[in-house]
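Quick note on labels: first sequence line is chain A, next is B, and so on, each numbered from 1.
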Amino acid sequence: DISDVGLKYHLELVLEDILDNDSTFNCTAEVLYHLGNKNLAPDVQFTIDRELKNTDEADNIFYNRIKSLEKELVAENIPDSHGNVPPEMEPIHLLAWAASGYVIWQNSNENTDFQLAQIKHVKQVKRSDEYLEFDYVILLHEMMSQEIIPWQMTVLWHPQHGVQVTQDTRQPKHEPE
Amino acid sequence: DQVLHIVPETFQQVQHLQHLCRNLLLDLWKPLLPEDIWAGEDVHIRIPAPLVQEAKTSLDLHMISYKVLIPDVQELVDQSMPKERSSHRQVPEGYVYTQYHPMEEIYEWMTEIQKINRELVTQHYLGRTFENRPMYYLRIRQPSDKTKKIIWMDCGIHAREWISPAFCQWFVKEILQNYESDPKIRKFLQNLDLYILPVLNIDGYIYSWEKERLWRKNRFPYLNGTCYGTDLNRNFNSSWCSVGASHDCNSEIFCGSGPESEPETRAVAQFIEGKKSDILCYLTIHSYGQYILTPYGSTTKPPSNNEELMYVAEKAAAALMGKYGTRYQVGSTSLILYNNSGSSRDWVHMIGIPFSYTFELRDKGTHGFVLPPEQIQPTCEETM
């Protein structure tokens with residue numbers, strides 16, 4: 001407890017890379033939840049004990065596939081109701097996961113527990129530069145309130161430059177009926 | 001045919017294995033090709049029956065140690081094939097337990113299950129949902145003169161938790177299919193009756209199939225039909241709406257207009273109240289999170305028999321982990337999850353039923369409510 005500043009947590013975690021045969025690695029992190037301004041995202045510092053698996057080859061294959069599409073990619077409901085993701089959509093799914101991690105971080109406090117529930121909708125936005133751009137509407141599940149929160153996010157990605165969320169807005173819930 | 005597990009230790013051993021595979025045309029299961037065999041890495045080879053002796057002799061001669069991974073491949077193949085038709089069919093033919101089923105199919109399944117297991121299974125009417133659908137439970141009971149204690153299990157109180165009704169169906173199938181062959185199951189049923197409610201929130205479940213996959217509540221309309229659904233697991237008469245629930249109909253944890261305001265809640269509560277002196281254990285199945293939760297959610301004050309409750313739950317979690325290594329956390333909801341009030345599990349314990357647990361099945365958020373069908377079998381097997 002850091003008075004006048006907030007609560008700091010020291011964490012020691014074991015993380016699992018589900019894309020690398022569930023191999024594990026250790027992570028230590030410090031998370032500071034700010035007192036006062038509740039709209040400030042928590043500060044996070046972390047270290048991991050080894051290098052992550054190199055994904056250059058798969059990244060480039062995906063990058064080239066999307067760059068060479070004639071029509072912009074559009075998809076809905078990933079995974080579908082039964083939990084299935086078509087193999088060609090898996091990178092889109094993973095990208096959403098990474099990007100949603102940022103959105104979740106920016107909107108978390110000590111009383112929230114968010115998980116990405118589903119990609120409701122994704123649309124590629126063609127760009128003249130080297131980046132890939134995707135406009136997502138994702139559904140976040142918040143454990144305490146059990147709410148499903150739609151969230152729009154604009155995601156930029158490049159094999160060498162990584163993921164960026166350039167814009168994100170919480171969407172209103174709407175009843176289909 | 002046998003499958004051998006070998007870990008070659010030296011380059012010479014690797015070479016000899018590669019030699020053996022190519023000469024005897026052996027079926028290499030792991031790795032894919034002989035050239036991928038490396039010292040220190042697992043090798044699995046299937047050896048046709050007539051060559052087993054020759055292969056083993058050759059390995060012995062070269063001081064290569066091996067373990068028999070599968071002593072009889074054919075036996076394994078036979079086991080994994082669909083069961084032959086016999087006069088005693090215990091489960092509806094062709095019903096795929098490793099897929100999610102819509103409500104009409106679950107209704108049909110219940111009828112079929114009772115039809116082909118008349119001695120053990122009866123289907124009973126519990127009540128009606130708001131949209132006027134019948135709620136049925138199955139009673140699995142070994143005929144006997146004595147009154148037996150009851151274990152009650154309900155699934156699907158929250159619509160989007162599809163793995164839950166899938167588990168109830170699996171559970172029934174397992175019990176019935178193995179009743180003849182498994183003495184543990186027979187002994188169990190000698191002393192206990194099983195009451196299984198495969199889908200409690202039928203209207204919500206159907207809505208999650210047809211309209212909104214992540215729907216949670218029932219479909220009772222409020223505010224002149226501008227707002228739908230009560231969280232049935234906040235609607236029971238246990239510190240109703242005191243904490244961890246909402247008076248706002250728009251909320252996913254809306255507690256309803258009063259305790260037991262919903263027809264589905266009343267149907268279950270009335271039944272359990274009537275049988276409470278005979279019910280030994282109450283199980284309610286949810287997802288996700290991988291927890292075995294004990295009372296209470298509304299207070300951190302432990303229940304009177306907390307030690308016993310925890311002991312049994314810890315044993316269950318250990319047994320579960322023994323199957324596939326899946327970790328479940330055990331403890332009271334208010335301590336390890338969040339506060340909630342009006343839950344069925346709390347109410348059941350408060351009226352005197354000693355053992356009351358909420359199971360939150362797989363996973364921990366990677367797939368969440370949308371658990372892929374490949375995980376139905378391992379989830380159900382370990383939970384069983």
Side-chain angles (χ1 to χ4, degrees), chain A residues 13-22 24 76-87 89-90 93-94 96-98 100-101 104-105 108-121 137-151 171-177, chain B residues 98-102 158 160-163 166 207-217 219 221 225-229 231 233-234 244-246 248-254 286-289 291 325 327 337-340 360 362-376 379:
Chain A
L13 314 167
V14 177
L15 301 176
E16 207 178 321
D17 185 344
I18 48 184
L19 295 182
D20 186 16
N21 262 321
D22 295 334
T24 59
E76 284 188 337
N77 291 334
I78 299 169
D80 67 16
S81 285
H82 292 249
N84 297 309
V85 178
M89 285 299 154
E90 192 56 34
H93 188 208
L94 294 171
W97 229 324
S100 67
I104 288 173
W105 167 39
S108 288
N109 57 53
E110 279 160 291
N111 297 307
T112 59
D113 180 2
F114 287 103
Q115 300 280 350
L116 173 64
Q118 198 184 31
I119 300 168
K120 200 70 195 133
H121 187 83
V137 174
I138 55 172
L139 297 177
L140 293 178
H141 171 231
E142 202 289 299
M143 193 61 93
M144 302 294 140
S145 61
Q146 287 295 326
E147 293 295 330
I148 303 290
I149 307 168
W151 212 289
Q171 303 289 298
K173 235 167 62 159
H174 91 102
E175 278 265 358
E177 236 178 22
Chain B
T98 50
Q99 267 175 29
Y100 296 112
H101 290 272
H158 289 139
R160 58 196 182 199
E161 298 166 10
W162 285 14
I163 187 64
Y207 193 76
S208 75
W209 271 78
E210 295 178 352
K211 292 275 165 50
E212 202 177 311
R213 174 62 177 84
L214 296 174
W215 188 258
R216 168 182 169 89
K217 306 182 286 180
R219 291 295 300 164
T226 59
C227 177
Y228 281 81
D231 182 344
N233 205 34
R234 300 289 186 279
S246 171
D248 179 356
C249 171
N250 289 293
S251 167
E252 294 281 14
I253 49 178
F254 175 52
H286 294 239
S287 78
Y288 56 91
Y291 300 104
R327 281 178 195 279
L337 201 54
Y338 44 54
N339 286 321
N340 69 2
E360 295 274 357
R362 288 195 192 182
D363 56 19
K364 292 212 64 89
T366 310
H367 298 95
F369 299 120
V370 205
L371 196 67
E374 310 85 75
Q375 289 213 33
I376 297 179
T379 306

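The line from NE2 of A/H141 to CG of B/L214 is 8.5 Å long, rounded to the nearest 0.5 Å. Taking CD of B/E212 as the start and CG of A/L139 as the end, the distance is 8.5 Å to the nearest 0.5 Å. Summarising the geometry, atom NE2 belonging to A/H82 is positioned 8.0 Å from atom CZ belonging to B/R213; distances are rounded to the nearest 0.5 Å.
Looking at A/D80, only its backbone comes within 4.5 Å of chain B, counting heavy atoms on both sides. Interface residue B/N250: only backbone heavy atoms are found under 4.5 Å from chain A. Heavy atoms closer than 4.5 Å to chain B are found in the side chain of A/I18, but not in its backbone. The contact between B/E374 and chain A is made entirely by side chain atoms (from C-beta outward), counting heavy-atom distances below 4.5 Å. B/Y100 touches chain A through backbone and side chain together, each having a heavy atom under 4.5 Å away. For a residue to count as touching a neighbouring chain, one of its non-hydrogen atoms must lie under 4.5 Å from one of that chain's; by this rule B/T366 touches chain A with backbone and side chain alike.
Two residues are said to be in side-chain contact when any heavy atoms from C-beta on lie closer than 4.5 Å; B/W215 and A/I148 fail this criterion.
Remark: of the listed residues B/E252, B/H158, B/R160, B/R160 is the sole one forming a side chain to side chain donor-acceptor pair (under 3.5 Å) with A/Q146.
Here the closest heavy-atom approach between residue A/A117 and residue B/V370 is recorded as O-CG2, 3.9 Å. Among all heavy-atom pairs drawn from B/I253 and A/S145, the shortest one is CG2-O, 3.8 Å. Closest approach of A/G83 and B/P372 over heavy atoms only: O-CB, 3.5 Å.
Residues satisfying the salt bridge (charged side-chain N to carboxylate O under 4.0 Å, His left out) criterion with A/E147, sequence neighbours excluded, are A/K173.
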